[in-house]
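To keep things clear, I will list the structure first and then write my remarks on it.
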Amino acid sequence: MQSTADAFEDLRKDFPVLNRRVRDNKKLVYFDNAATTQKPNQVIDAISDYYQNYNSNIHRAVHALAEESTEAFENTRDIVAKFLNVEDSREIIFVRGTTEGINLVAYAWGRDNVKEGDIIVTTEYEHHSNIVPWQLLTQEKKAQLKYIDIDDNGELMLDQLDDYLSTGKVKLVTFSHMSNVLGTISPVEEIVSKCKNAGVKVLIDAAQSVPHMKVNLNEIGCDFFVFSGHKMLGPTGVGVLWAKKEVLEKMSPFLGGGDMIREVHKYETTWNDLPYKFEAGTPNIADVIGFAKAIEYLEKIGMDNIRNHELELTKYALEEMKKIPGLTLYGTKEPEKRGGVISFNFNSVHPHDVGTIIDKDGVAIRSGHHCAQVLMEKLNVAATNRASFYIYNTKEEIDVLIAALQNVAKVFKL
Amino acid sequence: MQSTADAFEDLRKDFPVLNRRVRDNKKLVYFDNAATTQKPNQVIDAISDYYQNYNSNIHRAVHALAEESTEAFENTRDIVAKFLNVEDSREIIFVRGTTEGINLVAYAWGRDNVKEGDIIVTTEYEHHSNIVPWQLLTQEKKAQLKYIDIDDNGELMLDQLDDYLSTGKVKLVTFSHMSNVLGTISPVEEIVSKCKNAGVKVLIDAAQSVPHMKVNLNEIGCDFFVFSGHKMLGPTGVGVLWAKKEVLEKMSPFLGGGDMIREVHKYETTWNDLPYKFEAGTPNIADVIGFAKAIEYLEKIGMDNIRNHELELTKYALEEMKKIPGLTLYGTKEPEKRGGVISFNFNSVHPHDVGTIIDKDGVAIRSGHHCAQVLMEKLNVAATNRASFYIYNTKEEIDVLIAALQNVAKVFKL
Amino acid sequence: MSGDPIYTEMIIEYSRNPSNFGKIADAHIHQHDANPLCGDTIDLYLNIEDNKISEVKFDGHGCAICMACCSVLTEMIKGKNLDDVKKFDKDELLSELGLQHLVKTSPVRIKCALLSLKSLKFGIYSYFVDKMKDSESAGNLNEEAANLY
Amino acid sequence: MSGDPIYTEMIIEYSRNPSNFGKIADAHIHQHDANPLCGDTIDLYLNIEDNKISEVKFDGHGCAICMACCSVLTEMIKGKNLDDVKKFDKDELLSELGLQHLVKTSPVRIKCALLSLKSLKFGIYSYFVDKMKDSESAGNLNEEAANLY
Ligand SMILES: Cc1ncc(COP(=O)(O)O)c(C=O)c1O
Ligand SMILES: Cc1ncc(COP(=O)(O)O)c(C=O)c1O
């Protein structure tokens, strides 16, 4: 790649939506990347190409199209495995997204392994998809759900984890690699090593980390790892659950149906090998194939370059936002400890109103609880504004956001 | 539309893959439509258009792109509801496909309503996705799974249903509207009225019917109804579960996570309204939007015209195939009682070999158990060949299939 | 920014100084509702005397639109006959604030505007069931509330 | 159709008249396996004497490729030393029938060809665990079988 800022500027041309004009012919500034990212032509075209040229159901047929689609589909599994440094691509299971992946674990692993009185530990900054499945499970099993609280800096209070682990009742510790609201990057190594010492399983919700930083699953040492393709240039409807082969092999199946079976008889059935045991029914073939192109695109830029680019944007944005009177920033002040996600509130103006007003200037941020109401309760707010960055964002766009926020003050006569 | 055969010939131009040459430059003859159908440009373009112009996560944000994508997504729900003659589009729940839809019912309804000793009735000609979830459920609950057998004509023996119902223990009767192997169309009215008289819930696996015939859910009177978009010109990764509002409201949720909640607190959560209660996490937005175009495409042709076109092809194919010595046809001899699906075996040649040999002539059929091993056991075969038709198929293509089958005889020196 | 189709003087003013803001202890009707999309919650309190809304208050978090609509709604129904209140519809409320256009232009923000009305309908629904034994009116209210957006 | 890269005389012939077709009652090793993609199942029966495959038979449904491969595999291992059999690899089997090209050209049909070998490896795996107490060989066999396709 050529030298950084230019190179990143250059890749904007691959994203057709970035040419969009919105509202009164305003240039789109897309800062809602933590919700979903935009897609490059490479991904969009791969999906069209599949439908135009070799669309077919996979795995079972012997005809030409089926062979081509099966190969492209399975090739994606290998690409995902390499991207995460996973040796055995049979450990890669395609799901709809992070939410389905976590629920799969809660049903297929949780129902067999969590008993009355057991503890599942999560954190205060989790997305609803890493809370609700465990509420459902612990309620069903009369087990307990415990939270690691966050401190004023938005960081996890790990001594609470020690307390929980010391009870000997913890079966699973589950946490997000990066908070989708505060941007806080969790101390993965420390958590995993504590859990491993206690013989406790670990699930990492990587929805916000895998798109933005290098991840090496061979080193992390967790047991389950889940993320969504649509938050990393990929199509909607594809996500990944990774787990160790030994764990997956012992797990009961989740959804029953085609492809996940070896032999079906009237009253008993045997399960297929990994990963198929957990991929019942026709998968989202086109989008899995498109997802491969998203990973290739990210790898070409380099995950470390992406992390640096976002860090630069985040530093710049934090500096500029600090200058705005009445603006409250959430999360740690140290940019190195966070990803490219900035949550803020502006005077007493409700985030919904901020969102609507700056949207008129073409700026797309998210305003709401970000599916993190437990965290909102902790921060003692109903909602926040959130600007989140990705590879195609620029400092100039941050300037537009800043100007738009000034405008909010005018509308509300602050 | 202009007069039928021509009109159907005409629409082939909308399907780019039909111009494919496969193997030794053979024209593709795609007869694997029961597995998945091809997609018209209208659907492919709608997906690209979404990603190129208004890709955004839905429901929660107030910015322009989010409003556009939310509207297109929710508009699909209305289109599906109208297509099925469902009055309240909140009863339409988007899932990945038939398999996920049936599993959703088995988990969210089944776990609460099926108790030890209860009976679930299915049939011998079900797809694995309408057997395995019920095996899992009945095993877990120590309930019983019972089968309605089929007679020599490939039709259900309904007096067995009477016997089961008379025990008073049946909680659910679940069956496919059309068999994906035999093409048999189930006597829906009769089954539903028997079940309603007995106060028993009914699930219809409509994966093979909705794509091929007019369905009026307002008249059928079943409780659950499930099908897949990819078998009806739509993208992979989208399906529909319909159920009555009263049933859905009483059901526990299935997947926990974003969008399906009203309020999340640390230790308790309240559920969102229908349909969102059952749509946790970021849905497959692009493909749901693309799916709307598939339905519009089908409606423009007219479902009755489609049924007639396929009936004509089926009659023709059956006639021609009967002339081939050594060819065994499965299922009823009356074309009116079946859809455009023909399963057959050819002398003692294994279906896999038939499939591979005719694939060299460009003909794509499916060879295998078609995810219906219980039926295979009944038919006393390991596998069959299956040719299945859709709107773009022609009599000339059937001639190519017939010629290709003659060739199999030559290879095997029959 | 004069002429902003949403953030009029009136709405900004209401969002600063909502009317009828607060709780009623032991209210005859207490309805809690939330907008699952943004986390806003409101609590609506009503006292009924002689089939009239004798007292009404609301409490909660919400955006300017939500606060203004809650304010205006409570102002409009105070002292009104239950039979009139039960017929109250969204156009009446929206037009009072010049927000009718939201129905078309903003499927998301319309939910902020109508949360108050939804709570009202669900709130008096229970009252019609329990106190008035008027299941027809109750059924209608329930339907209306569910179909509001 | 002479020159068909799959359906050679030899394969057609084997599919008509498979070698070593049948069951062995009370076999020392009985391995059942299925190809989940097509429903084909085979049962492989082995007797072992003096560390040699003294008897071998197979039974089941399968396509011409599967039947031919089962036939050839059983022919090739009959009488062989267990240590040699354990090293037997897919190239040996495929080249005997001229089917090496399937590895590249047909990800689906290669599974038909190698079902026999997979069953063999899983079958003697258990034998190495239970009878030979040779966990290293067993582990290798298990890995090989799982990674065959
Ligand atoms: C009758 C029937 N039911 C269920 C399914 C499963 O559908 P899907 O694979 O889209 O989940 C199919 C198709 O494979 C089918 O034909
Ligand atoms: C941390 C985190 N976890 C889980 C999710 C849920 O992902 P999805 O909606 O793709 O299932 C998200 C995104 O919404 C997230 O940010």
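Per chain, numbering begins at 1; letters A, B, ... match sequence-line order.
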Note to self: So which residue, A:H265, A:E263, A:K378, A:Q139, ends up with the most heavy-atom pairs under 4.5 Å with chain B?
What the structure shows: A:H265
Notebook entry, point to check: Given a strict heavy-atom distance threshold of 4.5 Å, which part of B:T37 is in contact with chain A: side chain, backbone, both, or neither?
Noted result: backbone
Margin query: Between B:S129 and B:T98, is there a side-chain donor-acceptor contact under 3.5 Å, judged purely by atom types and distance?
Written below: no
Check: Can you find a side-chain donor-acceptor pair between A:T70 and A:H59 that sits under 3.5 Å?
Finding: no
Next item on the list: Would you kindly say whether B:T236 and A:N284 are connected by a side-chain donor-acceptor distance under 3.5 Å?
Entry: yes
Margin query: Whether the side chain of B:N272 engages the backbone of B:R262 through a donor-acceptor N/O pair (distance < 3.5 Å, no angle test) should be reported.
Written below: no
Check: Is chain A contacted by the side chain of B:L136, its backbone, both, or neither, given a heavy-atom distance below 4.5 Å?
Finding: side chain
Note to self: Need one label for B:Q135: side chain, backbone, both or neither, based on atoms under 4.5 Å from any heavy atom in chain A.
What the structure shows: side chain
Check: When only pairs under 4.5 Å are counted, which of B:V264, B:I44, B:T356 shares the most heavy-atom pairs with chain A?
Finding: B:V264
Checklist line | Portion of B:E67 that has a non-hydrogen atom of chain A nearer than 4.5 angstrom | finding: side chain
Check: For the candidates B:T99, B:V238, B:V43, B:L18, which exhibits the highest count of non-hydrogen atom pairs separated by less than 4.5 Å from chain A?
Finding: B:T99
Next item on the list: Tell me, for B:L145 versus chain A, whether the close heavy atoms (under 4.5 Å) come from the side chain, the backbone, both or neither.
Entry: both
Check: Ion pair present between B:K266 and A:D149, side-chain N to carboxylate O less than 4.0 angstrom?
Finding: yes
Item checked: Whether B:F73 and B:F94 hold their rings parallel, tilted or perpendicular, with breakpoints at 30° and 60° -> perpendicular
Notebook entry, point to check: With a 4.5 angstrom heavy-atom cut-off, which part of A:P283 approaches chain B: side chain, backbone, both or neither?
Noted result: backbone
Notebook entry, point to check: More than 12 heavy atoms of other residues, nucleotides or ligands under 6.0 Å from NZ of A:K27: is that the case?
Noted result: no
Note to self: Main chain of B:N53, side chain of A:R20: is a donor-acceptor contact present, judged purely on distance under 3.5 Å?
What the structure shows: yes
Checklist line | Interchain contact, A:N57 with chain B, by part (heavy-atom threshold 4.5 Å) | finding: both
Notebook entry, point to check: With only heavy atoms counted, which part of A:Y54 is less than 4.5 Å from chain B, the side chain, the backbone, both or neither?
Noted result: both
Note to self: Is A:I261 in contact with chain B via its backbone, its side chain, both, or neither, using a 4.5 Å heavy-atom distance?
What the structure shows: side chain
Note to self: Counting heavy-atom pairs closer than 4.5 Å to chain A, which one of B:A106, B:G258, B:A66, B:S252 comes out on top?
What the structure shows: B:G258
Check: Tell me, side chain or backbone of B:E68 under 4.5 Å from chain A's heavy atoms, or both, or neither?
Finding: side chain
Margin query: Can you tell me which portion of A:P40 sits under 4.5 Å from chain B's heavy atoms? Options are side chain, backbone, both or neither.
Written below: neither
Note to self: Is B:M260 in contact with chain A via its backbone, its side chain, both, or neither, using a 4.5 Å heavy-atom distance?
What the structure shows: side chain
Check: Tell me, side chain or backbone of A:I47 under 4.5 Å from chain B's heavy atoms, or both, or neither?
Finding: side chain
Next item on the list: Taking only Lys NZ, Arg NE, NH1 and NH2, and the carboxylate oxygens of Asp or Glu, determine whether B:E100 and A:R96 approach each other closer than 4.0 Å.
Entry: yes
Notebook entry, point to check: Do you see a donor-acceptor pair shorter than 3.5 Å between the side chains of A:N55 and A:Y50?
Noted result: yes
Check: Given side chains that start at C-beta, do those of A:R386 and A:I365 come closer than 4.5 Å, heavy atoms only?
Finding: no
Checklist line | Contacting moiety of B:E377, where chain A heavy atoms sit under 4.5 Å | finding: side chain
Notebook entry, point to check: Got a sec: does the NZ of A:K277 have more than 12 other heavy atoms crowding it under 6.0 Å?
Noted result: yes
Notebook entry, point to check: Between A:P16, A:P133, A:A64, which has the largest tally of heavy atom pairs under 4.5 Å with chain B?
Noted result: A:A64
Next item on the list: Determine whether the side chains of B:D32 and A:H63 contain a donor N or O and an acceptor N or O closer than 3.5 Å.
Entry: yes
Notebook entry, point to check: Once the angle between the rings of A:F291 and A:F227 is folded into 0 to 90°, is it parallel (under 30°), tilted (30 to 60°) or perpendicular (over 60°)?
Noted result: tilted
Check: Out of A:V22, A:L255, A:T36, which one racks up the most heavy-atom pairs below 4.5 Å with chain B?
Finding: A:L255
Notebook entry, point to check: Using non-hydrogen atoms only, which part of B:H127 is less than 4.5 Å away from chain A: side chain, backbone, both, or neither?
Noted result: side chain
Next item on the list: Would you mind checking which part of A:I358 comes under 4.5 Å of any heavy atom in chain B, side chain (CB onward), backbone (N, CA, C, O), both or neither?
Entry: neither
Check: Of the backbone (N, CA, C, O) and the side chain (C-beta and beyond), which part of B:F254 lies under 4.5 Å from a heavy atom of chain A, both, or neither?
Finding: both
Next item on the list: Can you tell which part of A:Y30 gets under 4.5 Å to a heavy atom of chain B, answering side chain, backbone, both or neither?
Entry: side chain
Notebook entry, point to check: If you tally heavy-atom pairs under 4.5 Å against chain B, which of A:G368, A:G239, A:P235 wins?
Noted result: A:P235
Check: Do B:K26 and B:D359 sit within salt-bridge range, that is, some charged N less than 4.0 Å from a carboxylate O?
Finding: no
Checklist line | Heavy-atom proximity to chain A below 4.5 Å, by part of B:V95 | finding: backbone
